[in-house]
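These notes concern the structure reproduced below.
We name chains A, B, ... by the order of the sequence lines, and we start the count at 1 in each one.
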2 protein chains.
Amino acid sequence: MASSLRLEVQDRLEEFTATERKAAHALLANYPLQGLATVAQFAKGAGVSSPTILRFVARLGFPAYADFQARLRAELEAQLNTPLARSSVLSDKENGAEDPFVEHLLANLRETFANLPRVELEAMVRLLADERKTIHLIGGRFTDALARYMAAHLRIVRPDVVHVAGQHGNWLDQLIGLGPKDVVVIFDIRRYQTEIIHFAEAAAGQGATVALITDSWHSPISRVASHVLPAQVAVPSPWDSSTALMAISEMLIAGVTRVNSERSRERMQALEDLRNAHDPLRRSPDQL
Amino acid sequence: MASSLRLEVQDRLEEFTATERKAAHALLANYPLQGLATVAQFAKGAGVSSPTILRFVARLGFPAYADFQARLRAELEAQLNTPLARSSVLSDKENGAEDPFVEHLLANLRETFANLPRVELEAMVRLLADERKTIHLIGGRFTDALARYMAAHLRIVRPDVVHVAGQHGNWLDQLIGLGPKDVVVIFDIRRYQTEIIHFAEAAAGQGATVALITDSWHSPISRVASHVLPAQVAVPSPWDSSTALMAISEMLIAGVTRVNSERSRERMQALEDLRNAHDPLRRSPDQL
DNA sequence: AGAATTCTGTATGATTTGATACGGAATGAG
DNA sequence: CTCATTCCGTATCAAATCATACAGAATTCT
C-alpha cells in the first residue's frame, strides 16, 4: 500500500476513463479535503456526476465511499498528529507564548540542550547501558520522583537497576556493597541535601562511578562525579523546575533503549504480552 | 471571530455544560478531524449522546452541524495550503541539524500549552488549592513518579495530600472513604492500565471529583473526569514522553502555591528553619 | 428538604446521502 | 455507414444522517 493515496492516484492516472480523470484531478487539486466532502459535493467540484465519483473510488479498490474517506481521514490524522507538522502551522500567539511560566520552561529546555555536552550525554548512555554494572538511582526530596521514573524504565531494558528509596537510614545499607562495578546516578538540585552529598562522597570513595544530573549551579557532588549533566531549573515560582531534568532523563532512557535494542525489544514484548493477557479491555487503535 | 475555532472553544469552555465540555475536549484532542466525522461518531468518541453534540455546536453559534463542518473544513484547507505545512510533511530531516528527540520535546511542550485551556488549568488550580478537600494523587506504571512529585510539593503548601501508592490491593483501602470532599488527581497516558480506570470510575461513583492529566488520546477516564488537561507525549522512542506532563504539573504546583501564598510561605519557612537547624553545611540562601 | 430549573439521553421524524439500475451518448471496428 | 462496445448521466431506492420533541435525571435554589 502506498504511503499516501495521492501518490497512488497519480501513478494510476492512466487507468481511469476520461471523466474519472476529472475526478482524480479535482481530488489532487484539493487533497485530501475534496475527498472528505459528500459525493455530491465532490462531483460538483469535479464537474462530473455522482456515479462517476463512486466508480472512480471503486476503481481505486475501495468497496464503499465510506472506506475511501476513512483512508483519507487516517492519513490526515497521522499528519496532523505529528507535533513537528503542527507547531509549524501554529501562529506565535497560538504557541501559548503569553504565559511567563511557559516561556521560562521552553527557554530552559532550549538552554539546557544548547549547553549539554553531547559527548558527556553519550558517555552516560554507554555507562547506563553497560550490563556488567549495577545501576543505583537516588534523588532528593523532590527529585526522587525522577530517580524513580528513570528506574522504572531502565528496569525494563536492562537488569540490575536499584532505586535507593526510603529514609537515609536505609541508604547506609545500600552503601556497604558498593564498588567499582557500581554506577550511582544522582538527581540533585538547589537546596542540596547533605545526606545525598554524603552518600555520593561515600560511594565515590568506594570506587563506584558517580553520574550527576543537576542544576546549572553545580552541586557539591560534582566534585566526586565522573559525569555531570547540568540543566536549567529557574522559573517564576518559589520552586525550581524539574522539567529539564525530566527531559534529560528521557533522552538517557531513549539512548539506553536504543543501545540495548535487542534486549529492550524482547523485554518490552514480554511486558506487552503480559499486559494483553491481563487486560482484555485494551482499546482499539482507532476510535474515530 | 477567532482565527481558529480551537481558540474559541478553549476560551468559551466555561460557558458549556458539563457534558458539552466533554464534547469540546474530544474535539480539541483530535482537532479538527473529530468534528469532521458524523454526529454519531463524534458523540461516541466523546462518550456523550448525539443531541449533546448538536447542542454544543449550536451553542458555538452554528445554525446547523453542516455549517460547523464547513468552518472546520475551511480552516483545515487553509492550513494545508500553507507552505510551511507542506514542507514539514515532505521531509523530516531537511532541518535535521538538531537532535530530533530534542525537537520533539520542544514541539510537544509548545503544542501542549497551545492546546491547554487556561480556564481548565485555573479551575484545577482552584480545586487543588481548596483546603476543605482532600487531594489523592495516583499514577500508572511510569506516571506514578509524577504523582509522587506533585504530592511532595502539594504537601508543603496545603494539608490533606495523599499519594496513593503501592500495589492496587492497597488502593481499595483508599477507595473506601472517598466522597464529595475528595479530589482524585490521576496521571494516565497510553497503555491505560485497567486498575487505574477502575479506581477512577469507582472514585467518581462515590462522588469524588476526578481530575485527569493525560495524553492527547484521552484516556477512558476522561468520561468520568470533571477536569482534563491533555499533553503531547509522542517522541522518536519506544517510550512516550512525560516531560509535558511534568511541565503541566509544575504549572499546577506554581498556581496552587500562588493561591495559598500565605500558608505556603509559612510552611516553606518552617521547612527552611528545620533544614537550617539540621544542616550547617547549607549554602548561601540566594545565588540566583 | 422540597421545588424549580437546568441538563441530558431515548425515541422518532424529516432530510440527505450513498448506491444502483437503466437508457442514451460517444467512440471505434468492420 | 452500421454495429458493438464502452462510457456517462438521470432517476430512483434503501440506508444513514441530522434534527427535534419529550421525559427522566441531576443540579440549584429557596
One thing to verify: whether [Y] and [X] come together as a salt bridge, which I'm taking to mean a side-chain N less than 4.0 angstrom from a carboxylate O.
| X | Y | value |
| --- | --- | --- |
| B:Arg59 | B:Glu20 | yes |
| A:Arg73 | A:Glu77 | no |
| B:Asp67 | B:Arg71 | no |

Where chain B begins and ends its contact with DNA chain D, read 5' to 3' at 4.0 Å from heavy atoms: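 Range of nucleotides touched by chain B: D:dT17 to D:dT20.
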Kindly check if the number of other-residue, nucleotide or ligand heavy atoms within 6.0 Å of CD (B:Glu131) is above 12?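 Yes, the 6.0 Å shell around CD holds more than 12 heavy atoms from other groups.
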Could you tell me whether A:Lys44 atom NZ has more than 12 heavy atoms of other residues or ligands within 6.0 Å of it?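 12 or below, so no.
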Positions of residues 9-27 of chain A (non-hydrogen atom under 4.0 Å from DNA chain D), listed by number: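 Hits under 4.0 Å, by residue number: A:Thr17, A:Ala18, A:Thr19.
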What are the two closest non-hydrogen atoms of B:Leu212 and B:Met124, and how far apart are they?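 Smallest heavy-atom distance, with atoms named: O-CE, 4.2 Å.
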Search all heavy atoms of B:Phe113 against all heavy atoms of B:Arg118 and return the closest pair with its distance.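 So the two residues come closest at O-NH2, 3.1 Å.
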Side-chain donor/acceptor of B:Gln34 to backbone N/O of B:Gly45, under 3.5 Å: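 Not confirmed, B:Gln34 side chain does not pair with B:Gly45 backbone.
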Could you write nucleotides 18-26 of chain C as a row of B, S and -, 5' to 3', where a protein heavy atom under 4.0 Å of any base atom gives B, of only sugar-phosphate atoms gives S, and otherwise -? SBB------
Which residues pass the side-chain hydrogen bond (donor to acceptor under 3.5 Å, both in side chains) test with A:Gln69, not counting sequence neighbours?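 Partners of A:Gln69 by the side-chain hydrogen bond (donor to acceptor under 3.5 Å, both in side chains) criterion come out as none, since no residue qualifies.
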Contacts of B:Ser242 that satisfy side-chain hydrogen bond (donor to acceptor under 3.5 Å, both in side chains) - sequence neighbours left out: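 With neighbours one apart ignored, the set is A:Tyr149.
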What distance separates B:Asp130 CG from B:Ile135 CD1, expressed to the nearest 0.5 Å?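 So the CG of B:Asp130 and the CD1 of B:Ile135 are separated by 7.5 Å.
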Could you label the plane-to-plane angle of the A:Phe42 and A:Tyr65 rings as parallel, tilted or perpendicular, counting under 30° as parallel and over 60° as perpendicular?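 Aromatic pair A:Phe42/A:Tyr65 classed tilted.
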Inter-end axis angle, the helix from C:dA1-D:dT30 to C:dG30-D:dC1, with every axis fitted to five base pairs (rounded, 10 degrees):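 Comparing the first five pairs with the last five, the axes sit 30° apart.
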